[in-house]
There are 2 protein chains.
Amino acid sequence: MVTMKDIALKTGVSTATVSRVLNGKDQGRIKPEIAREVRHQAEVLGYTINPIARGLRTNRSHMIGLISDAIATTPYAGRIILGAQDAARAFGYLLTVVNTGDDAELEHEQITMMRRYGVDGFLYATMYNQIRTLPDALDGCATVMVDAEDADGQCPSIGPDEWGIGKDATNRLLAAGCTRIAYFGCPPVLIAQPRRLAGYEAALDHAGIAPENRLALTVDENVNGAQRAATVFDAGADGIFCFNDVRVRFIYEEAERRGLHIGQDVSVVSVDNFELLAGFFEPRLTSIELPHYEMGYWGACKLISMIEGRDLSDALDTVVTDAVMPDLSVDHGHIRCAIIEKESVRQAS
Amino acid sequence: MVTMKDIALKTGVSTATVSRVLNGKDQGRIKPEIAREVRHQAEVLGYTINPIARGLRTNRSHMIGLISDAIATTPYAGRIILGAQDAARAFGYLLTVVNTGDDAELEHEQITMMRRYGVDGFLYATMYNQIRTLPDALDGCATVMVDAEDADGQCPSIGPDEWGIGKDATNRLLAAGCTRIAYFGCPPVLIAQPRRLAGYEAALDHAGIAPENRLALTVDENVNGAQRAATVFDAGADGIFCFNDVRVRFIYEEAERRGLHIGQDVSVVSVDNFELLAGFFEPRLTSIELPHYEMGYWGACKLISMIEGRDLSDALDTVVTDAVMPDLSVDHGHIRCAIIEKESVRQAS
DNA sequence: CTGAAAGCGCTTACAG
DNA sequence: CTGAAAGCGCTTACAG
């Protein structure tokens with residue numbers, strides 16, 4: 001490894017000068033021709049800084065930690081990692097991911113370990129949108145919650161705009177000409193449930209359609225999926241907003257049983273847009289994509305802006321995405337999601 | 001943070017002595033009562049070593065990097081991370097995961113970055129079992145390949161025992177009384193394909209059953225799945241070894257079309273045991289689980305044994321698993337996989 | 001504008 | 001058995 005000392009020797013200056021130049025602290029402090037020479041030699045010798053040594057001195061490691069209950073074991077949220085990683089990279093940070101599988105002891109141990117390594121801050125991510133209390137081990141650390149909200153309202157957080165999902169899905173069905181729109185929901189333990197429901201109701205209300213109890217259902221995937229699907233069809237639904245892709249199966253199966261055609265007789269809009277399940281649905285499923293990548297990206301930018309105490313808003317402009325990101329100045333952000341059009345919604349004629 | 005200096009001050013010895021004691025280098029070198037006092041104070045003050053400072057001196061960071069093309073975005077291999085993480089933790093290492101999405105430039109950049117941080121070695125993992133050449137950026141680094149094999153045969157590696165999967169699946173069907181056993185395979189671009197096929201053929205051969213061309217098929221999931229399923233049933237198969245869970249759909253659908261019952265008229269053994277797909281198969285699918293956790297665990301142990309130049313075989317004994325792990329002295333290991341029994345195989349009567 | 005020096009928290013040859 | 005000292009590669013107040 002080539003060090004600052006090597007450059008100093010080669011250039012005939014002190015390592016102090018090399019350090020100042022290479023850290024961009026040379027304006028009006030170092031003679032320009034010297035600065036140029038230092039930079040040139042750094043280039044020639046292929047110098048790269050040793051972040052470990054720098055960190056020992058500055059108490060800043062340029063590492064950020066991502067703590068997650070289950071990211072690595074589920075297909076749900078892996079893209080959070082990608083987004084966080086890309087943002088970290090853009091600012092010269094290394095992302096370190098740790099899975100805790102919801103084991104509090106392991107979580108504590110891993111956080112402690114990362115703190116020993118001098119991590120500058122943490123992203124605390126969960127498998128699905130939920131309200132959480134931060135573990136004690138994070139006390140005093142810069143932290144941003146991803147796909148989760150702080151029960152104490154203190155920690156900045158980012159999540160999907162669940163209400164907007166309900167509204168957009170319902171509006172999509174209205175635009176397709178549906179008039180009897182059902183909500184095939186989930187048990188209310190997930191915070192997404194009441195929010196998507198409220199968005200659904202708001203859209204109906206805005207369209208002048210009165211809500212009907214038998215059209216807004218709670219579906220426990222392992223218990224009453226088939227039965228609830230039957231209920232929805234009995235109620236004469238011509239459009240269904242489904243809580244997630246996994247539940248869609250019950251709707252497709254019931255439609256087939258009744259000889260109804262999805263995308264013609266009945267339109268379906270779902271949430272998740274799971275690649276893995278795509279092959280199971282014919283016609284292909286129109287589904288809203290949760291902004292995992294964007295949450296990871298936003299979260300990391302927010303965290304780094306907290307660590308460095310500066311405004312990083314510009315960074316968000318470089319992310320190409322279908323989702324709509326809130327400004328970094330927001331403390332509890334919600335990302336507007338994109339709907340991925342396939343064939344399960346009737347073409348407007 | 002409490003440092004060695006604090007302990008030295010409190011104990012009235014030098015930091016050199018503290019270091020020696022806390023690193024277990026006191027045997028016959030430090031007076032036992034002093035050693036005891038140092039350890040005691042370390043305990044009382046809640047000392048934890050600063051791995052960054054230690055690393056600067058020793059050139060060893062106790063970090064290992066996990067490079068993967070797509071682990072975080074797929075449900076296939078997330079458990080590799082868990083296994084590697086658990087093993088790393090057992091030996092006091094921090095695992096740092098990086099996703100490259102098969103982007104060579106990004107991969108190079110991330111490896112370089114991790115090397116700057118002084119990681120002691122790398123795990124190089126892929127989304128599915130394949131033959132790979134290590135990127136140049138890893139030259140000179142301790143590396144172990146996970147769910148992949150080195151094209152050059154140099155780098156140690158660990159993967160599933162694909163041949164064993166084919167043999168075990170087929171034997172399971174034989175044990176259930178099947179006599180016309182089909183292999184519902186995949187295109188041979190995956191190295192798993194020829195190996196599972198060979199295991200299938202070996203099991204048939206051992207049972208004295210002649211192979212039949214029309215029972216051993218290649219299925220391109222996006223092209224001819226339904227048609228191939230029809231072929232298999234036309235050929236009179238009463239047992240089917242299916243390459244993976246995703247392909248099983250075609251078999252179940254075709255069985256339904258013909259009024260045949262899976263688990264009675266036709267038995268199915270698959271590979272992957274995907275949780276996410278479980279709900280789609282009725283009766284529930286008997287499937288062989290790929291040893292992702294075990295591969296990650298074994299890979300990390302192997303890597304650390306290389307880094308530290310010592311034998312860590314005992315570590316494997318503590319892993320509770322259904323799979324059979326090779327000894328750490330092996331350079332190119334294959335893990336025998338477990339079959340997870342559900343209801344898609346006929347009960348022997 | 002620049003350098004010598006101290007120091008971040010460790011480890012380890014060297015000397016005693 | 002133990003300590004003083006040097007050093008890992010940086011940064012930064014201090015002095016000039």
Side-chain angles (χ1 to χ4, degrees), chain A residues 1-39 41-42 45-63 92 94 113 115-120 308, chain B residues 1-39 41-42 45-63 92 94 113 115-120 308:
Chain A
M1 274 288 82
V2 19
T3 70
M4 287 193 175
K5 200 163 157 195
D6 298 325
I7 300 176
L9 249 38
K10 204 75 167 175
T11 329
V13 299
S14 69
T15 60
T17 298
V18 174
S19 171
R20 288 193 265 254
V21 171
L22 264 23
N23 285 303
K25 297 182 175 165
D26 56 320
Q27 287 302 353
R29 307 174 54 354
I30 308 283
K31 219 180 294 177
E33 51 265 44
I34 294 207
R36 203 177 321 117
E37 180 59 12
V38 166
R39 275 186 246 276
Q41 282 301 336
L45 298 177
Y47 173 79
T48 53
I49 201 171
N50 179 331
I52 294 297
R54 181 229 270 144
L56 187 61
R57 200 39 238 261
T58 61
N59 232 343
R60 293 272 323 285
S61 65
H62 283 248
M63 292 196 265
L94 184 69
M113 177 134 188
R115 290 189 75 161
R116 273 210 279 282
Y117 274 87
V119 169
D120 294 330
E308 305 196 346
Chain B
M1 275 290 79
V2 20
T3 69
M4 286 192 176
K5 200 163 156 194
D6 298 324
I7 299 176
L9 250 38
K10 204 78 166 169
T11 328
V13 298
S14 69
T15 59
T17 297
V18 174
S19 170
R20 287 192 266 253
V21 171
L22 263 25
N23 285 302
K25 298 183 175 166
D26 57 319
Q27 287 303 354
R29 312 186 29 9
I30 310 281
K31 221 180 295 179
E33 51 265 44
I34 295 207
R36 203 177 321 116
E37 180 59 12
V38 167
R39 274 187 249 274
Q41 283 300 334
L45 298 176
Y47 174 80
T48 52
I49 201 170
N50 179 332
I52 294 298
R54 180 229 271 144
L56 189 59
R57 199 42 237 259
T58 61
N59 232 343
R60 292 272 325 284
S61 65
H62 284 247
M63 291 195 266
L94 183 70
M113 178 135 187
R115 292 190 73 161
R116 272 209 278 282
Y117 274 86
V119 298
D120 296 328
E308 305 196 346

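Each chain gets a letter, A, B and so on, in the order its sequence line appears, and its residues count up from 1.
Using a 4.0 Å heavy-atom cutoff across all strands shown, B/G55 reaches no nucleic acid atom at all. Using a 4.0 Å heavy-atom criterion, one finds that B/N23 contacts the sugar-phosphate atoms exclusively. Residue contacts shown for B/R29 include a base, since a base heavy atom lies under 4.0 Å away. Residue-level contact check: B/I52 touches neither bases nor backbone, having no heavy atom under 4.0 Å from any strand.
Atom C1' of D/dT12 sits at a distance of 16 Å from the matching atom of D/dG16, rounded to the whole Å.
Within the 3.5 Å criterion, the main-chain N or O of A/S61 finds no donor-acceptor partner in the side chain of A/Y117.
Taking the side chain as every heavy atom from C-beta outward, A/T3 and A/N50 never approach each other to under 4.5 Å. Side-chain contact between B/V18 and B/Y47: absent, with no pair of heavy atoms (C-beta onward) separated by less than 4.5 Å. For the pair B/E308/B/R60, a side-chain contact is recorded, criterion being any heavy-atom separation below 4.5 Å from C-beta on. The side-chain heavy atoms of A/I30 and A/K25, taken from C-beta on, include no pair separated by under 4.5 Å. A/L22 has its side chain out of reach of A/I49: every pair of non-hydrogen atoms, C-beta onward, lies at least 4.5 Å apart.
In terms of position on DNA chain C, the residue among B/T58 and A/T58 whose nearest nucleotide sits closer to the 5' end is A/T58. Position along DNA chain D of the nearest nucleotide to B/P32 versus A/A16 favours B/P32 as the more 5'-ward residue. In terms of position along DNA chain D, the nucleotide closest to B/A35 lies nearer the 5' end than the nucleotide closest to the other residue of the pair A/K25 and B/A35. The residue among B/L56 and B/T17 whose nearest nucleotide of DNA chain C lies closer to the 5′ end is B/L56.
Only one option out of A/K31, A/R36, A/R39 pairs with A/D26 in a salt bridge (Lys or Arg N to Asp or Glu O under 4.0 Å); it is A/R39.
The distance from atom CE of A/M63 to atom CG of A/D120, rounded to the nearest 0.5 Å, is 8.0 Å.
For A/E33, the CD atom is densely surrounded, since the number of other residues' heavy atoms within 6.0 Å is greater than 12.
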Nucleotide-level pairing of DNA chain C, given in dot-bracket where Watson-Crick and G-U pairs need both distances under 3.5 Å and | marks other strands: |||.||||||||.|||
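Bracketed by its first and final contacts, the part of DNA chain D lying under 4.0 Å from non-hydrogen atoms of chain B reaches from D/dC1 to D/dG9 in 5' to 3' order.
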